[in-house]
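All figures in this text were calculated on a predicted structure; none of them were measured in a lab.
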Amino acid sequence: MSEKFLLDEATINRSMTRISYEIIEQYKTVEDLVLVGIKTRGVHIAKRLQKKIESIEKQPVLLGEIDITLYRDDRHEPDPTVDPIINGTNIPFSLNGKNVVLVDDVIFTGRTVRSALNALMEYGRPKTISLAVLIDRGHRELPIRPDYVGKNIPTSRSEEIIVEMTELDGQDRVLITEEA
């Protein structure tokens, strides 16, 4: 497997700053804005966006975390001897009437986002839902596209995008790998 470096910490930070400003511009106010990160790396990206938006707007922004494990469409016949690993959803507020920005690290087929949309509906009826991703790698299987994108990185299906974050991996960077 070969690895190729794509983005460094500074480039990731600039992308996150740009996304923050785009979100603010779209909604005009953060009063009803809610960021919901998809476990795991989407949560850390959402936290960073929250800090940036709050520092720009000088107002608090609600933050939630969503675990899509039980909503995945690739869990048709779960093995009864193995319990799925559930990392827990934490949305301690209603989404009714809120402008929700769903946040993830990479969008690929769109199936993770579809699962997250299904899970979100259990927490209320948002006014709007938009999608922010650090990386859009293409190859959608569902009619889902992000509203805010850090970087578009076209890939082949044999490639994988790896997002490393300081909070989990000790550094910020994006790599692409290809099966040998």
Any idea which heavy atoms bring [X] and [Y] closest together, and the distance?
X	Y	answer
Leu7	Thr11	CD2-CG2, 3.6 Å
Asn90	Pro92	OD1-CD, 3.4 Å
Asn96	Gly124	OD1-CA, 3.2 Å
Ala116	Ile66	O-CD1, 4.0 Å
Glu65	Ile91	O-CG1, 3.7 Å
Arg173	Glu164	NE-OE1, 2.6 Å

Within this structure, what is the [atom1]-[atom2] distance for the pair [X] and [Y], rounded to the nearest 0.5 Å?
X	Y	atom1	atom2	value
Asp104	Thr112	CG	OG1	6.0 Å
Arg14	Ile19	CZ	CD1	13.0 Å
Phe108	Arg137	CZ	CZ	4.0 Å
Gln59	Glu31	CD	CD	7.0 Å
Leu63	Leu49	CG	CG	9.5 Å
Leu102	Leu117	CG	CG	6.0 Å

Taking C-beta and beyond as the side chain, do [X] and [Y] meet within less than 4.5 Å on heavy atoms?
X	Y	answer
Ile176	Thr155	yes
Lys127	Lys98	no
Leu120	Glu122	no

I'd like to know if [Y] and [X] are part of one continuous hydrophobic network [Ile/Leu/Val/Met/Phe/Trp/Tyr, side-chain heavy atoms within less than 4.5 Å].
X	Y	value
Phe93	Leu33	no
Ile162	Phe5	yes
Leu131	Val100	yes
Leu35	Met165	yes

When you check the side-chain N and O atoms of Thr166 and Asp172, is any donor under 3.5 Å from an acceptor?
yes
With a 3.5 Å cut-off and no angle check, do the side chains of Ser20 and Tyr148 form a donor-acceptor pair?
no
Quick one: does any side-chain atom of [X] pair with a main-chain N or O of [Y] as donor and acceptor, under 3.5 Å?
X	Y	result
Glu54	Lys51	no
Asp67	Thr69	yes
Arg18	Val149	yes
His44	Glu167	no

Within the supplied structure, the quantity of interest is the number of heavy atoms (other residues, nucleotides, ligands) at a distance under 6.0 Å from Arg145 CZ; does it exceed 12?
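Atom CZ in Arg145 is not packed in, count stays at 12 or less.
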Between Asn13 and Lys52, does a side chain to side chain donor-acceptor pair (under 3.5 Å) hold up when you go through it step by step?
CA-CA 10 Å; Asn13 189 47; Lys52 286 181 182 292; 2.7 Å; yes
Begin with the C-alpha distance, continue with both residues' side-chain angles, and end with the deciding distance and a verdict on side chain to side chain donor-acceptor pair (under 3.5 Å) for Ser158 and Glu178.
CA-CA 6 Å; Ser158 64; Glu178 181 152 9; 3.0 Å; yes
